[in-house]
Structure formats: C-alpha cells, structure tokens
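Data block below; observations after.
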Amino acid sequence: MSQHPFLRLGSAWYPELWEEKAIAEDLTRMTELGFNSVRLGDFAWSCLEPEPGRYETDWLLRILDRLHRIGIGAIMCTPTASIPAWMLATYPELGFVDRNGHRFGAGGRQAADYCNPDFQRMSRGITEAMAAAFGRHPAVIGWQVDNELGGHQKVSVSPAALAGWAQWLERRYSSIAELNRAWGTDVWSNRYHSFAQVPGPVPLPTYCHNHSLHTEYRRYMNDMAIAFQRQQVEIIRRHSDAPITHNSEDSLDEWDLTRDLDLASHDCYARYMPLPSIIHRMDCIRSLKPGRRFWVMETDAEGAIDGQLFPNGWTANFAMLAYTSGAEGVSYWPWRNLRTGSEICGHDGLLYACGRPTTGFEPAKGVSELRRKLDCLLQRFSPAPAPVACIRSERNGHFNYIERIAGLRPNFDYRASLEAHHHDVAELGAWRDVLYDQAELTSQRVVMSPYLPYTSPDFLARMRAHLDAGGTWVVGPYTGYLTAHHTNHTTALLGELESMLGLETRCFVPITSVPLVMADGLETEALMHAMAFTPRPGDEPLATYGGDRIAGWCWGIRRHIGRGSVYVLGSEIGKTARRTLFRSILIRAGVPLHPMPCRVIRVPQQDAQGRNAWALVNANRTPVRIELPASGTDELTGARVGRQLDLAGNCNAFVVFDQPIQG
C-alpha cells in the first residue's frame with residue numbers, strides 16, 4: 001500500500017468496544033511494538049449506523065487523527081459482514097436461507113443474503129457514508145471490502161436468491177431449451193419449462209439433483225458474492241485513491257474475487273494449518289495480482305502446533321515466509337482479546353482484555369525487528385520467477401467436486417489433492433507458483449494440471465501455445481473428463497482435450513486400486529479411477545496396468561507436441577511413485593531442483609540487476625545444515641557464508657549469493 005515504510009505490520013483493532021483508557025493504552029503499546037498499521041471497522045456497523053439512515057462517523061475520524069499523529073496507517077474495512085440487529089428486525093426477509101429452509105436472523109455474522117436487494121441497498125449506504133467520511137484521510141492506507149466473503153454463507157435458497165438464480169440461468173443459457181439440452185434434463189423426467197422452475201440445490205429424497213445444477217449453483221453463488229463486492233468497490237473508488245482488497249479465506253473463487261481489487265489478501269492461521277498448506281496458500285495468493293504484493297490480513301501471534309505453544313521463533317518464521325513470498329503486510333487478529341462475544345476464547349491477540357500483554361507480545365516484537373531488517377532488502381528483492389506452475393480452479397475444478405458428487409471417490413477433497421501434488425513439487429526442491437486456469441503463463445517451463453475436470457477453450461489455447469514454445473504440460477490425473485456443464489463428453493472420453501493432443505482414451509473406469517508398473521520398473525498402484533490410453537508411434541509409455549481386466553494397457557504417455565512435451569497421466573498413484581515420476585519430468589524439462597531438509601522452506605529471490613538470493617526458514621525446533629549453490633552473505637546477520645549454512649532452530653536467513661544461480 002504506502003511505500004513509506006515498504007513493509008507493514010499491525011493488527012485488527014476495535015476501539016469501538018473500549019473506553020478511552022484502553023484506547024490510549026493500546027496506542028502506546030502499538031508504538032512500543034513498532035506496529036505501523038491497524039485494521040478498523042470491519043464489524044462496527046451498529047456503531048457507524050445506530051439507526052436506519054443515521055450515520056455516525058466522527059468517533060472513527062477522531063481515531064484516524066490519533067493514528068496519523070503517531071505514524072500508524074489504517075486499513076478501513078466496510079462492516080457489511082455483520083449487520084445490525086435493527087436491520088433484521090425491520091427486514092427479516094433479508095436473512096439468508098439454508099437448504100433446509102431455515103432463515104438466519106440476528107446474533108452472528110454473514111447472516112444476510114448477498115442477493116437481497118434491501119441488503120444490497122443498505123450495504124451501499126454504509127459504504128458511501130464511510131468512503132465519503134474517510135476516503136481522503138491521510139491515515140487511510142487502504143480499504144478492505146467486507147470480511148471473509150462466503151466464509152459462513154455457502155449456499156442460500158432464499159426467495160431473492162432463487163429469483164436471481166433464474167435470471168442468472170437465463171443470461172447464461174438464453175433459452176430454457178438450451179439449458180435442458182446442456183444438462184440433459186430428460187433423465188428422471190426433469191425437463192424444465194421455464195427458468196423459474198429450476199430449483200436450488202435443496203435436499204431430495206434420493207441421491208442429489210442433476211450434477212449440472214449443483215455445479216452451476218455454486219458458480220451462481222460465487223458470482224453474486226463478487227457482484228456484492230463490486231458494488232462497494234465502485235463506491236469507494238469515487239471517494240478514495242487508496243488501494244482496495246478483501247481478506248479471502250479461500251471460500252470463493254479467488255481469481256474472480258481479485259479481478260476488481262487492487263491487491264490480493266488472505267487470512268492464514270498457522271494453528272489451523274500444517275506447514276505445507278501454509279506454503280501452498282502463499283504460492284496461491286502471490287500469483288493472483290502479478291507485480292503487486294499481497295497482505296496476510298489475519299494471522300495469529302500465538303497458538304499451538306502439535307499441542308504445544310508456538311516454539312520460540314515460529315512467529316518470526318511465519319512472517320519471514322510471508323514477506324519473502326510477496327507479502328507487503330502482516331496483520332494479527334485481534335490486537336486486544338475481546339471481553340464479550342463468541343470469540344473470547346480461541347484467539348490470542350497481543351493484549352488480554354484486562355490490558356496485560358499475552359504470550360504473543362514478545363514474539364510480535366521479534367517480528368517487528370525482522371520487518372525493519374527486511375524493509376530495505378525487499379525494496380530490492382522480490383520472489384524470483386517460477387519455472388513450475390501448479391494449476392487450480394474453483395469455477396472449473398472445485399465447484400465440480402464441492403457437493404461430493406463428482407464420483408472420483410466418496411468425500412473426495414479437491415483442495416487437499418491439489419496440495420499433495422504441490423507438496424511433492426516443493427519437496428523435490430522446485431520453485432513454483434500456483435496459478436488459476438484463467439491466468440496467463442509467463443516464465444513457467446512446466447505446467448501441472450491435476451484434477452481439472454473441465455478444460456476451457458481458452459485454457460487449451462494457452463496450453464497449446466505453451467507446448468508450441470517448447471514447454472512441458474503434465475495433464476492430469478483426471479483432467480478434461482467433464483464438459484463446462486458438468487456432463488460427460490459425447491465426442492470422446494476427454495472431449496476437446498483429445499482432439500488437441502491427438503489422444504485416444506481407451507477407458508475411464510472406477511477402481512479401488514490396480515497394480516501398476518512404472519517405466520523404470522517401480523511397482524505401485526493406480527487409485528480411484530483408471531484411464532488407459534492407446535500409444536502411437538513416437539510416444540513414450542509411462543507405466544502399464546497389471547491386475548486383470550486392463551492388464552497390459554498403457555497408464556500414461558509422453559508425447560511431443562510442437563517443440564514441447566505433454567505427459568498424460570491415467571490415475572492417481574502412490575506417493576513414492578508420483579514423486580519419482582515428477583522428479584524425472586522436472587529434470588528432463590531443465591527445472592533446477594534444490595531439495596531442502598525437512599521443514600526448511602526456501603523462497604528464491606531476485607533483484608532488478610539479476611542478483612540472486614534465498615530466503616530460508618528453518619521451521620524445526622533443532623538446528624539444520626543447508627547446502628547452498630554458492631557462497632554469499634546472510635543479510636539478516638551480516639555474516640559471510642560458504643557452501644554450507646548452519647541455521648539454528650526456528651531461525652531465518654536471507655543469503656545474497658556472490659554469483660548467479662539457477663532456481
């Protein structure tokens with residue numbers, strides 16, 4: 001956001017909940033910690049609009065004045081995630097309705113329906129009042145729209161939502177005849193005669209609705225949340241030049257979510273997430289707005305890992321990973337533990353409600369010292385271009401699985417499966433991005449697209465260009481087996497993907513496990529579903545099925561396309577075999593591999609002059625020895641290092657190398 005300072009550190013602060021004595025103490029303590037940012041207002045609607053149409057903003061203007069005087073910047077949040085009780089008392093119909101018909105009322109957050117026109121109107125009103133009052137205040141360094149959109153309200157089937165659903169379908173399909181054709185609704189006599197007849201995904205006595213309906217309803221819900229966000233973004237931009245973001249918790253399509261925003265942000269609580277998941281989230285969020293740093297808008301200064309409090313140094317480990325992965329700001333939640341409400345336990349801030357420092361206070365002081373060291377460094381260095389892209393998609397991937405209806409296996413977890421493949425690439429030592437299937441490719445030599453059931457024409461065109469230019473594409477497993485409408489292909493098992501690759505898929509069958517022999521002789525097993533392919537002259541078979549019915553059939557192939565290579569994989573396989581295969585693919589594609597010791601994270605950096613550096617995080621409680629590709633200087637300590645670096649437990653390093661290195 002602001003370039004002075006370059007990096008931000010702070011927390012969410014709720015002065016509306018506290019008396020003057022606590023507010024003054026908070027400001028003093030923030031200065032003591034070296035914080036330079038706070039988040040304000042995200043749940044303050046009832047204080048900003050205590051009665052319909054009566055806005056009270058002076059109290060928050062006075063807070064902004066005080067922050068500006070001590071050099072702390074404010075991220076202003078619209079408060080629409082938590083609506084006042086008077087609103088639901090006046091307009092009970094704006095509560096969202098779950099699939100079982102329960103309408104939500106006052107008492108929690110995200111209780112209102114994004115589709116409800118009254119809620120949209122009142123959300124625009126509070127946004128206009130805040131933007132007009134605070135938009136030009138010198139303390140405001142940025143805006144956050146709402147809070148964790150879609151985090152609690154996944155699917156609404158309110159009358160307003162169903163009316164919007166019919167309109168959305170009409171825009172998408174033009175005629176009800178086209179919808180019936182695309183969805184194949186004559187199955188079970190489900191042909192519709194108007195868009196208004198198409199139900200929401202409410203419970204049925206048997207099985208579930210047409211799969212097309214489930215997937216499309218998720219897309220519709222996603223679009224309604226994005227449209228709700230867009231209304232606020234447009235209002236804020238009329239009053240403020242400060243950048244706008246949203247603190248995603250990965251409940252919506254983050255690609256769609258960030259198209260209207262200036263930068264990406266996410267909430268990432270280490271106590272809930274294993275280390276590979278944290279790394280995966282950083283790789284995802286970094287790639288959403290290329291060239292622009294992101295924010296970790298909520299994280300924890302204190303918590304537990306494996307049943308024990310964060311070890312000494314872990315809070316700085318997390319901040320080091322975030323900043324060097326591309327974060328501009330790190331913000332803790334909350335500043336002062338709440339004294340009332342549903343979150344009085346489970347979140348440790350920097351101060352207890354009584355004002356005493358929590359056990360997270362001193363670790364946050366260490367993060368403040370780290371931020372000062374990195375501030376100058378990261379004005380020169382940024383994450384290096386990645387040679388590998390792991391593809392993910394909500395609209396064309398996750399939404400096909402989210403109702404547990406895709407059929408790969410019971411309770412299939414799309415995101416966990418993607419993370420497993422991403423973790424393999426990271427453990428092999430390859431530097432990588434996570435890209436959405438709508439994103440343009442840049443520096444990537446290898447693109448991996450596991451579990452992408454629908455491959456859009458745009459995506460296929462980008463991949464064809466990638467192959468023609470000499471790139472490598474790892475297709476699958478389970479890429480391309482569905483249409484845009486979540487139906488089976490009728491032209492070929494993998495539809496247009498087969499046409500593009502000149503591929504012939506022999507079968508796509510459900511299995512539990514089938515023996516598999518890889519080309520190098522490694523024995524493993526095929527899991528979930530099995531695809532088999534017909535090789536043609538010049539193809540390189542990757543593995544052969546054993547067992548009974550499909551014994552001897554080809555599990556996967558490597559084929560030359562353009563100046564590049566495509567690898568088509570026929571199923572999920574055992575972890576050891578998968579990593580062995582990925583390693584061979586990456587090496588053949590010329591991707592540098594620098595495997596690290598367990599729980600050591602490497603984030604390659606590069607500056608405008610082409611100098612290379614490694615940001616290193618030792619997330620172990622014990623020391624490790626790290627092999628380096630060249631000598632250099634650890635800029636965090638000023639120490640010279642040779643080809644080996646001994647890094648203490650839960651410590652960090654930023655090694656700038658004496659010579660250019662690859663990867």
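It should be emphasised that the depicted structure is a prediction, and the values quoted were computed from it without experimental measurement.
Using a 4.0 Å cut-off between charged nitrogen and carboxylate oxygen, E254 and R281 count as a salt-bridge pair.
Applying the ring-ring contact (aromatic ring centres under 6.0 Å, His included) rule to Y567 yields no partners; only residues at least two apart in sequence or on another chain are considered. With sequence neighbours left out, R415 forms a salt bridge (Lys or Arg N to Asp or Glu O under 4.0 Å) with D250, E394.
Side-chain polar atoms of S631 and D658 form a donor-acceptor pair below 3.5 angstrom. Remark: the T633 side chain and the R640 side chain contain an N/O donor-acceptor pair separated by less than 3.5 Å. With hydrogens and angles left out, the side-chain atoms of T245 and Q144 include no donor and acceptor closer than 3.5 Å. Looking only at atom types and distance, the side chain of W473 has a donor-acceptor partner in the side chain of S449 under 3.5 Å away. A side-chain N or O of N652 and one of N317 form a donor-acceptor pair less than 3.5 Å apart.
Side-chain atoms of D253 come within 3.5 Å of backbone atoms of D256 as a donor-acceptor pair (strictly under, hydrogens ignored). R39 places no side-chain N or O within donor-acceptor distance of the main-chain N or O of I75, the cut-off being under 3.5 Å.
Taking the six-membered ring where tryptophan is involved, the planes of F582 and H421 are tilted, since the angle between them lies from 30° to 60°.
For the pair R293 and W295, the cation-pi test (distance below 6.0 Å, angle within 45°) is failed.
Among residues at least two apart or in separate chains, salt bridge (charged side-chain N to carboxylate O under 4.0 Å, His left out) pairs with a member in residues 623-632 are R625-D646.
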